[in-house]
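In what follows, a single structure is set out as structure tokens and then discussed.
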Amino acid sequence: MANSYNDIPEIKFHLDNPMMPHIVELKERGFADKDQYDYAPQDFEDAMDTYDKVLEVVGDINANIIAPNAEAVDAEGPHCENGRVSYAEKTYENLDATNKAGLNGMTMPRRYGGLSLPVIVYTAANEIVSAGDASFENVWSLQDCIETLYCFGTEEQRQKYIPRICAGETMSMDLTEPDAGSDLQSVMLRATYDEAEDCWRLNGVKRFITNGDSDVHLVLARSEEGTRDGRGLSMFIYDKKNGGVNVRRIENKLGIHGSPTCELTFKNAKAEICGDRKLGLIRYVMSLMNGARLGIAAQSVGIEQAAYEEALAYARDRKQYGKEIINFPAVYDMIATIKAKLDAGRSLLYQCARYVDIYKALEDIARERTLTPEERQEMKKYQRLADAFTPLAKGMNSEFANQNSYDAIQVHGGSGYMQEYKCQRLYRDARITSIYEGTTQLQVVAALRYITNGTYMSVIQDMEGVSFGTAEQPLDPQFQPFADRLVAMREKLEEAIEYVKTQDNQDLLDFCGRKLYEMTAYTIMCHLLLQDTQRAPELFGKSLEVFFNHAESEVARHFSYVHLMTPEKLEFYK
């Protein structure tokens with residue numbers, strides 16, 4: 001029987017990583033839960049076996065329920081009637097399967113009914129589900145919003161809401177408004193305190209809310225009267241059971257049809273504040289968005305995987321001029337490039353997830369005891385790395401998802417344009433990934449400070465110490481040419497950054513930001529892919545060669561472009 005986890009050895013490879021013993025040690029804290037919960041692991045090997053079994057369940061449900069249902073879900077979509085949303089029929093079948101398998105509250109502590117899995121395992125599950133149906137992944141994966149409530153809510157709120165999500169209730173994050181898309185400082189949905197009822201009341205409109213008729217909402221609202229910037233915003237919890245919020249309409253979208261994107265009207269809706277007043281945007285949304293962006297990176301990799309599988313299967317089967325089209329250079333070039341981007345992007349995704357795991361686990365430990373100076377230093381280090389890698393993982397993988405699904409249609413030729421082929425749905429679903437939870441342009445903005453302050457360059461230099469071997473474990477001579485090419489790429493990146501900084505012009509820096517961002521990401525992904533190939537050449541050897549050729553040409557192209565730009569030449573683009 002097909003299994004979307006067992007059938008993709010690259011996912012298993014990324015779980016079998018040298019960082020995993022430390023991640024598991026931090027997450028399990030001496031395996032203290034084993035005496036209280038019969039499903040808690042006894043030791044490291046047991047934990048890894050548990051992760052493997054959970055992902056096997058995800059892979060089984062995806063291959064045999066979610067993916068086969070995707071076409072029907074895409075065709076039917078959700079419905080809105082009398083202010084309420086109902087999913088497509090097959091979406092309920094998907095939810096029933098994931099709920100019965102207990103695939104909710106995956107990262108939440110066991111004391112609340114969660115599975116207490118590391119972020120990297122949840123990320124793998126997101127990727128697997130997205131390969132089957134990205135729109136269902138949107139509905140199912142919003143369980144991750146509970147992480148923000150867990151981090152910043154009171155213990156009473158945790159006890160009230162987290163078990164419900166672990167039992168299968170759904171969530172949404174209600175951030176954007178008709179006049180406040182990416183500019184969340186402009187949010188104007190009003191929150192006023194009702195002294196008589198000892199609660200907050202929400203009034204206004206939210207737009208583009210994924211899964212907007214969910215059971216539990218996290219809502220960004222303006223709690224400070226007279227303010228117009230981010231300092232007047234707070235985060236609130238709205239429980240659908242209390243009423244007061246209706247769905248005005250479901251958006252008619254290009255893709256991800258199974259995921260209802262809603263416009264909501266709040267009319268005196270009862271809510272409770274999450275965390276402290278005035279920190280809704282400054283602190284809580286930033287945390288919420290980083291988790292969401294990692295989720296979209298995983299969704300993008302899942303779409304890339306599906307696009308690769310569709311393109312490869314069609315090229316092997318389709319014959320032209322007496323032979324399978326996979327034997328034509330124009331076709332196998334596209335397929336090899338799709339796979340190379342998939343492997344490189346996946347490596348970036350899981351490296352980011354590992355960084356998130358370490359800092360999140362230490363952050364959680366800090367809620368129970370004072371961290372040692374060494375632990376505080378480690379938490380700060382990995383939080384900085386997670387913050388730096390998240391915009392790279394989200395931005396690059398969402399762009400790769402768009403490129404790879406485009407090329408999958410191209411491999412299919414005219415057939416790819418027809419509705420009966422899966423690749424056209426992948427293409428439509430992929431398009432949103434580089435837009436929602438922060439456009440690629442906003443990922444560049446988020447990454448730019450790490451480019452100019454030397455964070456990424458420091459990461460790359462540290463990677464050279466791993467990629468290029470050590471005295472104890474010297475680099476295999478067959479990989480030396482790749483090491484030399486990486487040095488040349490890094491030198492081009494350094495020179496390009498220095499050139500832009502010496503121009504001392506913010507507009508020029510912003511204009512060249514996308515080029516510097518991609519040069520940085522390609523260099524880092526080449527390092528990660530080289531490290532992966534040294535561990536598993538049978539999995540990544542081909543992609544290493546193909547991706548290096550692609551990345552090297554992109555770095556050289558961007559290098560030339562940046563050096564042609566001056567502040568005066570910006571006038572031509574205005």
Side-chain angles (χ1 to χ4, degrees), residues 5 11-59 101-128 141 143-144 146-153 155 158-159 162-163 165-167 287 290-291 294-295 298 349-383 385-386:
Y5 170 61
I11 300 178
K12 288 194 176 190
F13 168 85
H14 284 292
L15 293 178
D16 183 22
N17 183 274
M19 292 175 70
M20 285 305 292
H22 187 46
I23 289 170
V24 173
E25 176 190 4
L26 291 172
K27 186 71 176 177
E28 292 297 337
R29 303 182 206 174
F31 301 94
D33 278 0
K34 68 180 183 298
D35 298 325
Q36 189 173 356
Y37 303 96
D38 59 5
Y39 62 97
Q42 304 288 311
D43 50 33
F44 173 72
E45 289 73 21
D46 191 25
M48 294 301 292
D49 184 61
T50 297
Y51 306 158
D52 201 56
K53 284 182 168 56
V54 169
L55 291 175
E56 282 184 354
V57 172
V58 177
L103 300 176
N104 298 296
M106 293 185 77
T107 62
M108 287 294 98
R110 296 181 185 94
R111 65 182 179 274
Y112 300 117
L115 298 179
S116 197
L117 298 174
V119 171
I120 192 169
V121 179
Y122 177 59
T123 297
N126 268 330
E127 178 197 332
I128 292 165
S141 72
Q143 62 176 279
D144 192 43
I146 203 64
E147 183 76 29
T148 297
L149 189 151
Y150 172 67
C151 290
F152 303 111
E155 181 58 26
R158 295 187 189 115
Q159 295 282 355
I162 296 178
I165 304 308
C166 294
S287 171
N290 271 347
L294 185 65
L349 168 69
Y350 287 109
Q351 186 74 352
C352 182
R354 285 186 281 269
Y355 293 154
V356 172
D357 259 321
I358 291 176
Y359 103 77
K360 282 284 188 183
L362 286 165
E363 189 178 63
D364 203 27
I365 291 171
R367 294 186 180 93
E368 299 179 0
R369 64 166 174 81
T370 301
L371 297 180
T372 66
E374 293 77 18
E375 288 173 330
R376 284 198 304 273
Q377 186 176 4
E378 183 181 25
M379 183 176 73
K380 289 179 180 178
K381 171 187 173 181
Y382 283 100
Q383 183 169 17
L385 285 169

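The figures that follow rest on heavy atoms only: side chains count, while hydrogens, waters and symmetry mates do not. What you are looking at is a predicted structure, and each value in this text was computed from that prediction instead of being measured.
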4.5 Å side-chain heavy-atom contact, [X] and [Y]:
| X | Y | value |
| --- | --- | --- |
| Leu349 | Leu294 | yes |
| Pro41 | Met48 | no |
| Leu385 | Gln383 | no |
| Ile358 | Ile23 | yes |
| Lys360 | Glu147 | yes |
| Tyr150 | Pro109 | yes |
| Phe44 | Glu25 | no |
| Ile120 | Met20 | yes |

Practice item. Let me see the working for Ser116 and Arg111 under side-chain contact (heavy atoms from CB on, under 4.5 Å), right down to the final yes or no. Key: CA-CA 9 Å; Ser116 197; Arg111 65 182 179 274; over 6 Å; no
Contact summary for [X] and [Y], nearest pair of heavy atoms:
| X | Y | result |
| --- | --- | --- |
| Cys352 | Ala386 | SG-O, 4.2 Å |
| Asn126 | Ser141 | OD1-CB, 3.1 Å |
| Ala47 | Phe31 | CB-CE2, 4.3 Å |
| Tyr359 | Met379 | CB-O, 3.7 Å |
| Asn104 | Ile165 | CB-O, 3.4 Å |
| Glu378 | Leu362 | OE1-CD1, 3.6 Å |

Is any NZ, NE, NH1 or NH2 atom of the basic residue among [X] and [Y] found under 4.0 Å from an Asp or Glu carboxylate oxygen of the other?
| X | Y | result |
| --- | --- | --- |
| Asp46 | Lys34 | no |
| Asp357 | Arg354 | no |
| Lys53 | Glu56 | no |

Check your understanding: Any luck finding a side-chain donor-acceptor pair between Tyr5 and Asp52 under 3.5 Å?
Key ->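 Side-chain D/A pair, Tyr5 to Asp52: present.
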Review point. If you measure only the distance, is there a donor-acceptor pair under 3.5 Å linking the side chains of His14 and Glu127?
Key: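 There is no such pair between these side chains.
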**Study point:** Any donor-acceptor pair under 3.5 Å from Gln143 side chain to Leu103 backbone
**Key:**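 Yes, because the side chain of Gln143 sits within donor-acceptor range (under 3.5 Å) of the backbone of Leu103.
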Interatomic distance, [X] atom [atom1] to [Y] atom [atom2] [nearest 0.5 angstrom]:
| X | Y | atom1 | atom2 | answer |
| --- | --- | --- | --- | --- |
| Thr107 | Asp144 | OG1 | CG | 5.5 Å |
| Tyr350 | Asn17 | OH | CG | 12.0 Å |
| Met19 | Gln351 | CE | CD | 6.0 Å |
| Leu149 | Met108 | CG | CE | 8.5 Å |
| Arg369 | Arg29 | CZ | CZ | 8.5 Å |
| Thr123 | Ile11 | OG1 | CD1 | 11.0 Å |

Exercise for review: Determine, stepwise, if the pair Glu155 / Arg158 fulfils salt bridge (Lys or Arg N to Asp or Glu O under 4.0 Å).
Suggested key: CA-CA 5 Å; Glu155 181 58 26; Arg158 295 187 189 115; 3.0 Å; yes
Point to revise | Gln377, CD atom: more than 12 neighbouring heavy atoms under 6.0 Å | key: no
